[in-house]
Colleague: 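Below: one structure in C-alpha cells.
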Amino acid sequence: MNPTPVRIDAVCGLTFRGLSPGRPTTVSVTTTHGADSWVSLGTFAADRDGVVDTGRMRSIAGTYVGRSSMGIFWSQRCTTGAAVPSTAADPVTSTVHVRQHGEIVDVTAVQRFADGPDVEQRPATKGLIGTVYLPARPKRIPVLVLGGSEGGQNDLAAALMAAHGHPSMALTYFGAAGLRDRLEEVPLEYLAAAAEDLAGTGPFAVYGVSKGGELALVLGATHPAVAGVAAMVPSFPGVSALHSDLQPWSGPGAPSGMPMGHVEPPHAGELFAPGTAFRTTRARGPRTTVPTLLVTTGDDTVLPPLRMEVPAGKTLERVHIQGAGHLIQPPHLPTTATVAPYGDGWLLLGGTPARNALANRTAWTRTLRFLRLLDSE
C-alpha cells in the first residue's frame with residue numbers, strides 16, 4: 001500500500017469508486033504519531049455512480065456532520081488521552097478504511113508532509129537551539145517562528161512556510177540546556193542572534209503563537225530589521241508567565257513586567273482556565289510599530305483578546321474568529337483536543353472543533369497572504 005503524498009496545509013478530499021450506489025458508506029481514518037493515535041469517521045451516501053468524495057459530500061454521522069473539505073482530518077480524536085497535535089515536521093501517514101454493508105471494501109493510505117524534498121534542514125548556529133528550513137529557491141521574506149509557553153519549537157509551521165518559499169527558523173527560546181529554565185527574563189539578544197543566523201542583516205518577519213505572539217510583538221518594536229509581525233492569540237507584551245512575577249523578556253527595549261495576578265498553579269487533575277481568572281491592568285493596548293497581523297479568537301480561555309492601537313501610517317490587520325479557542329496551528333490538523341496538559345493539571349483551550357478548524361484555516365491563509373505583502377514592500 002503506497003501512500004499518496006500531500007502537503008499538510010493542502011486540501012485533499014478522499015475519493016472512492018466502485019461502491020454500491022445510494023448505500024451508507026463509512027470512511028474511517030487512523031493516524032499514529034509517536035505514542036498518540038488519532039481516529040475519525042464520516043458516514044456518506046454513495047452517489048448513483050457509486051462514488052464517495054469526502055471533500056465535497058456531506059457527512060451524515062461520525063466525528064463530524066456536514067460538508068467540510070477536510071472534516072475527515074480535523075475531526076480526528078486522540079484515543080490515547082487529551083493530547084494536542086504534535087508540532088514536529090515529520091511526515092505523518094494515515095490509514096483509511098472504507099466500509100459498506102459492514103464489510104471493508106477499500107483500504108488506502110495518505111502521507112501528509114510539511115516541507116518536502118525541495119526544503120533543506122540545518123541546525124541553527126551561534127549557540128542557538130533551533131532548526132532552519134531553507135527552500136531550494138528562497139524567493140520570499142525569511143520568517144522567525146516562535147512557539148508559546150509550552151516550550152520547544154514549532155517546526156511544523158516553519159517547515160510549511162519554507163515549502164511556500166520562506167526561509168524559516170523554528171526557535172527554542174527557553175526550557176532547554178543553556179537557556180532559561182522557565183519563561184522568565186528571556187534575553188532579547190538571543191532573539192537578535194537568531195535573526196542574524198536566519199536573515200543576516202536583511203529584513204525578516206516574525207510569526208508567533210500565544211507567548212510567542214507576544215514575543216513577536218516585542219521584537220517588532222525593538223529589532224530594526226523586523227519587516228512585519230504575525231501574532232496569533234498573543235498576550236499583552238510584558239505580562240508575566242503563569243505563576244511568575246518576573247518579566248518574561250530582558251534586555252534593551254524589553255517591556256516592563258506585568259504580573260498576571262498571582263494565579264495559583266493547578267492542583268493535580270484540576271482543569272484550569274487562566275483567561276477567565278485575570279485581565280490586564282492597562283486599558284489601552286500596545287501600539288504596533290511595524291505592519292502587524294493580529295489574530296484573536298472569541299472563546300480563548302487561556303488569554304483575554306489583545307487590543308492594539310495603530311499610529312498614523314502603520315498597518316494593523318485584525319482577524320477575529322468567534323467561537324474558536326486558543327490553539328492556533330496550521331490547518332487540517334485535529335482540532336478536537338480542547339484541553340492540554342499543564343503542570344499537574346489541565347489547561348482549558350476553548351472553542352469547538354469546527355470553529356477551531358475554521359480559525360486554523362483562516363489564520364494560516366491570512367498569514368501567508370500577509371507574508372506575501374511584506375515581500376512586495
Side-chain angles (χ1 to χ4, degrees), residues 1 3-17 19 23-47 51-88 90-114 156 160 323-325 327-340 349-364:
M1 182 169 55
T4 301
V6 62
R7 203 173 61 229
I8 284 174
D9 61 349
V11 175
C12 61
L14 305 175
T15 303
F16 307 96
R17 305 181 186 278
L19 303 169
R23 296 304 299 266
T25 306
T26 61
V27 178
S28 63
V29 178
T30 302
T31 304
T32 301
H33 192 275
D36 290 330
S37 180
W38 299 80
V39 296
S40 61
L41 177 71
T43 302
F44 307 86
D47 67 16
V51 175
V52 164
D53 182 349
T54 65
R56 65 176 179 82
M57 299 176 72
R58 177 182 177 84
S59 171
I60 56 178
T63 51
Y64 79 104
V65 174
R67 185 176 287 106
S68 174
S69 59
M70 292 294 285
I72 201 71
F73 288 99
W74 61 249
S75 70
Q76 286 190 304
R77 299 175 180 178
C78 189
T79 61
T80 51
V84 296
S86 171
T87 56
D90 307 325
V92 176
T93 300
S94 300
T95 303
V96 184
H97 292 86
V98 182
R99 289 177 180 265
Q100 274 195 330
H101 314 288
E103 297 180 355
I104 296 176
V105 295
D106 196 358
V107 180
T108 188
V110 177
Q111 184 182 69
R112 302 171 69 210
F113 63 91
L156 178 58
L160 283 171
L327 185 60
I328 295 291
Q329 55 192 346
H332 315 323
L333 298 178
T335 59
T336 53
T338 55
V339 297
L349 301 172
T352 65
R355 298 303 293 182
N356 292 342
L358 173 64
N360 291 342
R361 186 174 71 249
T362 302
W364 188 249

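Residue numbers run from 1 in the order of the sequence given.
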Colleague: What pairs meet the salt bridge (charged side-chain N to carboxylate O under 4.0 Å, His left out) rule with one or both residues in residues 26-47, with sequence neighbours excluded?
Modeller: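 Every pair satisfying salt bridge (charged side-chain N to carboxylate O under 4.0 Å, His left out) with a residue in residues 26-47: D47-R56.
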Colleague: Are the side chain of T25 and the backbone of R23 linked by a donor-acceptor contact shorter than 3.5 Å?
Modeller: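 Side chain of T25 to backbone of R23, a donor-acceptor pair under 3.5 Å: yes, one is there.
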Colleague: Which heavy-atom pair separates V65 from A61 by the least distance, and what is that distance?
Modeller: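 Scanning both residues completely, I find the closest heavy atoms to be CG2-CA, 4.1 Å.
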Colleague: Using the side-chain contact (heavy atoms from CB on, under 4.5 Å) rule, pick out the option among V29, L41, T63 that qualifies with S75.
Modeller: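 Per the side-chain contact (heavy atoms from CB on, under 4.5 Å) rule, the option paired with S75 is T63, out of V29, L41, T63.
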Colleague: To the nearest 0.5 Å, what is the distance between CZ (R58) and OG1 (T43)?
Modeller: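 Between R58 CZ and T43 OG1, I get 12.0 Å after rounding to 0.5 Å.
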Colleague: Is there side-chain contact between F16 and V96, with at least one heavy-atom pair below 4.5 Å?
Modeller: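 Touching, per the 4.5 Å side-chain cut-off.
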Colleague: Can you confirm whether L14 sits close enough to V98 that some side-chain heavy atom of one is under 4.5 Å from a side-chain heavy atom of the other?
Modeller: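 L14 vs V98: side chains apart.
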Colleague: Could you check R355 against T335 for side chain to side chain contact (heavy atoms under 4.5 Å, CB included), going step by step and ending with a plain yes or no?
Modeller: CA-CA 9 Å; R355 298 303 293 182; T335 59; over 6 Å; no
Colleague: If you round to the nearest 0.5 Å, how far is CZ of F73 from OH of Y64?
Modeller: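 It comes to 10.0 Å.
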Colleague: First locate atom CZ of R112, then atom CZ of R7, and finally report the distance between them rounded to the nearest 0.5 Å.
Modeller: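 CZ of R7 is found 11.5 Å from CZ of R112.
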Colleague: Among T336, T31, T30, exactly one meets side chain to side chain donor-acceptor pair (under 3.5 Å) together with Q76. Which residue is that?
Modeller: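 In the set T336, T31, T30, the residue that makes a side chain to side chain donor-acceptor pair (under 3.5 Å) with Q76 is T31.
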Colleague: What's the separation between atom CG in L327 and atom CG in N360, rounded to the nearest 0.5 Å?
Modeller: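 Going from CG on L327 over to CG on N360, the span is 6.5 Å.
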Colleague: Measuring from atom CZ of R361 to atom CG of D9, what distance do you get when rounded to the nearest 0.5 angstrom?
Modeller: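 The distance works out to 12.5 Å.
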Colleague: Between P331 and M70, is any pair of side-chain heavy atoms under 4.5 Å apart?
Modeller: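 In short, these two side chains do not touch, never coming nearer than 4.5 Å.
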Colleague: Are P334 and R77 side-chain neighbours, meaning at least one heavy-atom pair lies under 4.5 Å?
Modeller: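 No, their side chains stay 4.5 Å or more apart.
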Colleague: Got D90 and H33 here, is their nearest side-chain heavy-atom distance under 4.5 Å?
Modeller: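 The answer is yes; the side chains approach within 4.5 Å.
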Colleague: Look up atom CG in N356 and atom CG in L349, then write down how far apart they are to the nearest 0.5 Å.
Modeller: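 Here the rounded value is 8.5 Å.
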